[in-house]
There are 2 protein chains.
Amino acid sequence: MVTLKELAKQLNVSVSTVSKALHDAKDIGEDTKKRIKEAAELYNYRPNKTALALKVNKTNTIGVVVPDILNPFFAKVLHGIEEYATKKGYDTIICVSHEQLKKEAKSVDLMLQGRVDGFIISLSTETLSRQDFVHLDQINLNKKGLVLFDRTTSEIDCDKVVINDQKSTYDATRILISKKKKRIAFVSTIEDLSIGLLRKGGYQKALVDHGFEPDPDLVLDLTGSQHPHDLIKAFLSLHEFDAVISADNTSSLMFQSIVKSEKPELMDDIMLIGFSDEKSALLSYPRINYIDQKASKIGEKAADMLIQRLEDKGSENKPITFEMPFEIHIS
Amino acid sequence: MVTLKELAKQLNVSVSTVSKALHDAKDIGEDTKKRIKEAAELYNYRPNKTALALKVNKTNTIGVVVPDILNPFFAKVLHGIEEYATKKGYDTIICVSHEQLKKEAKSVDLMLQGRVDGFIISLSTETLSRQDFVHLDQINLNKKGLVLFDRTTSEIDCDKVVINDQKSTYDATRILISKKKKRIAFVSTIEDLSIGLLRKGGYQKALVDHGFEPDPDLVLDLTGSQHPHDLIKAFLSLHEFDAVISADNTSSLMFQSIVKSEKPELMDDIMLIGFSDEKSALLSYPRINYIDQKASKIGEKAADMLIQRLEDKGSENKPITFEMPFEIHIS
DNA sequence: TTGAAAGCGCTAACAG
DNA sequence: CTGTTAGCGCTTTCAA
């Protein structure tokens with residue numbers, strides 16, 4: 001890696017002259033400018049970002065902490081963040097909390113050590129259940145940017161990007177009702193998350209609002225199960241239903257697959273709605289109906305809000321919570 | 001963020017005294033040490049990593065470039081890298097090439113500007129088809145570490161982590177043959193990748209080696225198709241087969257789902273083997289048979305090799321290519 | 001039009 | 001035992 005100094009020596013000029021020339025400062029002679037630029041090109045000079053970061057106290061890096069990168073939702077959000085950040089000239093450092101408060105706090109702490117300008121975080125289950133947010137306070141204390149998404153908390157005052165979880169399943173349930181479905185079941189693998197409960201709440205509220213009494217027997221909780229297939233099979237043989245809402249992106253696929261094997265005759269009558277996206281919906285046949293949370297867009301939006309804060313020095317405005325509209329796809 | 005300087009001023013000592021005290025240097029008095037450490041604790045001092053990086057010319061950061069983070073394989077590798085790197089005290093910067101040479105090269109170029117100590121890369125389709133590796137040469141030129149994985153090239157001399165793609169499908173096919181399967185089909189959505197061709201090659205070679213003549217009619221190419229379902233349905237109605245090898249992690253799921261709907265009577269006789277992992281295999285019922293590439297382990301291994309190079313100054317040894325053993329799971 | 005010098009936060013050799 | 005100094009690579013006044 002060539003440095004300014006080395007270039008300067010080569011050209012028999014001073015470091016500052018080289019720096020200015022490369023920045024097209026008007027007080028440098030056209031000829032020297034040209035000479036310097038050619039040399040920079042020749043030696044393939046690249047400014048050292050670390051030095052720059054130290055100098056101007058800005059790393060142009062954003063730190064992302066997610067609970068689980070193997071979860072397609074988070075992978076998609078990450079994708080949106082990375083894409084937008086890159087476009088805006090920011091690097092993206094990622095850390096995974098594995099749903100643990102300790103790891104989350106440690107990640108934040110590490111990145112806080114002058115590595116990033118701001119954070120985009122989705123809180124771990126443990127963080128939310130323990131309601132321990134001191135690491136987030138640290139971020140604010142250090143005057144770094146912070147955007148929370150999806151798994152957020154009202155305890156921390158910062159920008160947020162969320163989806164209306166309750167409304168998503170409410171609307172989905174309403175669609176099923178409008179299709180004359182009478183016994184709508186609910187499956188979930190995320191009953192331990194507040195968004196899981198919100199989604200169940202939306203389902204129940206829709207039922208009540210439309211004159212149905214929620215039947216607890218029609219709620220299947222797969223959370224943490226080692227043998228979800230068996231639970232689903234048992235459920236199939238014990239209960240009658242004509243539609244299913246799934247609270248996550250896996251149980252609907254499992255459910256459909258098992259119904260097709262075990263009760264193929266029911267397939268035409270049972271309507272399923274899960275959470276998914278255009279691409280993943282292709283994995284099943286017939287294509288599953290799905291609520292699209294617009295994960296990539298959530299990532300983009302979060303990155304956008306963060307970068308806005310970082311660059312608009314004037315915007316000491318109050319934090320904003322952006323609600324990303326979801327889409328329900330029925331085929 | 002408190003700096004050494006500020007701490008020093010508070011305590012009326014010099015910056016270097018503070019620095020040394022915090023590093024437990026033996027030449028600082030126990031009492032001052034204690035005083036300084038307490039103050040550091042009190043003011044929540046954290047060393048600035050950017051300054052450190054500049055000072056010691058080591059960023060403790062590794063740059064990762066993958067073609068597509070939405071592909072579960074890459075997400076898993078990333079997971080392995082992140083986990084291992086974090087454990088070893090390294091940050092992970094990620095960039096996505098979207099299968100484009102230009103983006104890949106740009107990402108490398110950006111990270112080369114003093115941001116990372118080394119790279120872990122899986123090459124984009126375009127990079128491989130154009131055989132353009134100048135950006136990788138740049139890495140070597142700048143004496144940064146480089147580990148390629150999965151999508152590699154023999155043109156570049158560096159550490160690599162691969163799986164034996166041909167052998168994976170060869171073995172899988174052999175298993176099908178041993179189960180008395182006579183007409184084994186092959187589906188793929190990645191015929192445009194060299195690993196896709198290797199996997200097909202393994203399938204074909206196994207057939208030949210066991211006295212079967214590969215039937216081109218039994219090879220279904222879904223690459224780039226907008227309507228894979230239709231192609232699969234057509235295939236089902238046109239051809240007879242008793243087993244299927246899938247070259248990727250999506251087509252096997254689609255295939256199984258469609259067979260169950262369109263030709264349920266065949267389900268018991270058709271044996272499928274795809275690429276997947278323990279968790280994703282649960283999405284289908286009956287659980288699909290799968291080749292597990294050990295993606296997380298590939299990530300770990302790549303990170304391990306890179307960090308080894310970065311820290312073992314002595315190891316100017318020749319580059320190594322590590323072949324990650326795969327596992328075939330038949331249920 | 002160019003250069004010298006200071007400083008971002010830190011470490012480490014060398015003095016005191 | 002503690003402080004002074006130089007320097008990592010860069011930008012940016014201020015002088016020349």
Side-chain angles (χ1 to χ4, degrees), chain A residues 1-37 39-40 43-61 89 110-117 142-144, chain B residues 1-37 39-40 43-61 89 110-117 142-144:
Chain A
M1 200 91 272
V2 201
T3 68
L4 274 192
K5 205 180 176 180
E6 289 163 352
L7 266 187
K9 193 155 61 177
Q10 280 292 322
L11 298 169
N12 268 316
V13 289
S14 79
V15 177
S16 51
T17 305
V18 180
S19 172
K20 281 187 252 180
L22 294 176
H23 284 201
D24 251 331
K26 40 198 145 289
D27 57 352
I28 300 289
E30 278 308 325
D31 42 344
T32 32
K33 235 185 225 176
K34 188 153 166 263
R35 221 163 50 94
I36 290 173
K37 282 187 177 173
Y43 290 106
N44 194 32
Y45 167 78
R46 331 252 68 178
N48 183 315
K49 286 208 178 170
T50 303
L52 241 166
L54 183 60
K55 180 71 187 166
V56 302
N57 197 27
K58 179 140 194 320
T59 60
N60 265 266
T61 304
L110 282 172
M111 296 201 275
L112 217 36
Q113 307 179 15
R115 302 291 282 111
V116 306
D117 298 330
N142 284 282
K143 297 186 192 297
K144 304 289 182 191
Chain B
M1 200 90 275
V2 202
T3 68
L4 274 192
K5 204 179 175 183
E6 289 163 353
L7 266 187
K9 193 155 63 177
Q10 280 292 323
L11 298 169
N12 268 316
V13 289
S14 79
V15 177
S16 56
T17 305
V18 181
S19 173
K20 281 187 250 177
L22 294 176
H23 283 160
D24 251 332
K26 40 198 144 287
D27 56 354
I28 300 289
E30 278 309 324
D31 41 343
T32 32
K33 234 186 225 175
K34 190 156 165 258
R35 219 163 51 93
I36 289 173
K37 283 188 176 173
Y43 291 106
N44 195 31
Y45 168 77
R46 331 252 68 177
N48 183 316
K49 285 208 180 171
T50 303
L52 241 165
L54 182 59
K55 179 72 187 164
V56 303
N57 196 28
K58 180 140 195 318
T59 60
N60 266 266
T61 304
L110 282 171
M111 296 201 277
L112 217 37
Q113 307 179 15
R115 303 288 285 111
V116 305
D117 297 331
N142 283 282
K143 296 186 193 298
K144 303 289 181 191

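Chain letters run A, B, ... following the sequence lines, proteins first, then strands; residues in each count from 1.
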Q) If you look at every strand shown and take non-hydrogen atoms under 4.0 Å, does Asn57(A) touch a base, only sugar-phosphate, or nothing? A) nothing

Q) Base, sugar-phosphate, or nothing for Val56(B), non-hydrogen atoms under 4.0 angstrom? A)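 Counting heavy atoms under 4.0 Å across all strands, no contact is made by Val56(B).
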
Q. Would you say Ser19(B) reaches dT11(C)'s phosphate, i.e. side-chain N/O to OP1/OP2 under 4.0 Å?
A.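 True: Ser19(B) side-chain N/O within range (under 4.0 Å) of dT11(C) OP1/OP2.
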
Please report the distance, rounded to the nearest Å, between [atom1] in [X] and [atom2] in [N].
{"X": "Leu52(A)", "N": "dC10(D)", "atom1": "CG", "atom2": "C1'", "answer": "6 Å"}
{"X": "Leu11(B)", "N": "dT2(D)", "atom1": "CG", "atom2": "C1'", "answer": "14 Å"}
{"X": "Ile28(A)", "N": "dT12(D)", "atom1": "CD1", "atom2": "C1'", "answer": "12 Å"}
{"X": "Lys58(A)", "N": "dG9(D)", "atom1": "NZ", "atom2": "P", "answer": "23 Å"}
{"X": "Met1(B)", "N": "dC8(C)", "atom1": "CE", "atom2": "P", "answer": "16 Å"}
{"X": "Glu6(A)", "N": "dG9(D)", "atom1": "CD", "atom2": "P", "answer": "7 Å"}
{"X": "Ile36(A)", "N": "dT11(D)", "atom1": "CD1", "atom2": "P", "answer": "13 Å"}
{"X": "Leu4(A)", "N": "dC8(D)", "atom1": "CG", "atom2": "C1'", "answer": "13 Å"}

Q. Which comes earlier along DNA chain D counting from the 5' end, the contact point of Thr17(B) or that of Lys55(B), where each point is its nearest nucleotide?
A.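 It is Thr17(B) whose nearest nucleotide is closer to the 5' end.
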
Q.
If you assign each of Thr32(B) and His23(A) to its closest nucleotide in DNA chain D, which residue comes earlier from the 5' end?
A.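 The residue mapped nearer the 5' terminus is Thr32(B).
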
Q) Do you know the tightest heavy-atom contact between Asp27(B) and Lys20(B)? A) OD1-CD, 4.0 Å

(Q) Is any side-chain heavy atom of Arg115(A) closer than 4.5 Å to one of Leu110(A)? (A) no

Q.
Which is more 5' along DNA chain C, the nucleotide nearest Lys20(A) or the one nearest Asp27(B)? Just name the residue.
A.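 Going by which nucleotide is closer to the 5' end, it is Lys20(A).
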
Q) So, the side chain of Lys33(A) versus the backbone of Ala25(A): is there a donor-acceptor pair under 3.5 Å, distance only? A)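 It does hold such a pair.
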
Q. Does Asn48(B) use its side chain to pair, donor to acceptor, with the backbone of Thr50(B) at less than 3.5 Å?
A. yes

Q: Examine the base of dT4(D) for any acceptor or donor lying under 3.5 Å from a partner atom in the side chain of Ser16(B), and report the outcome as yes or no.
A: yes

Q) Could a donor-acceptor pair under 3.5 angstrom be found where the side chain of Lys5(B) meets the base of dG7(C)? A)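 Looking at the base of dG7(C), it does not pair with any donor or acceptor on the side chain of Lys5(B) (distance under 3.5 Å).
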
(Q) Distance alone, cut at 3.5 Å: any donor-acceptor contact between the side chains of Gln10(B) and Tyr43(B)? (A)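 Yes, Tyr43(B) and Gln10(B) have a side-chain donor paired with an acceptor closer than 3.5 Å.
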
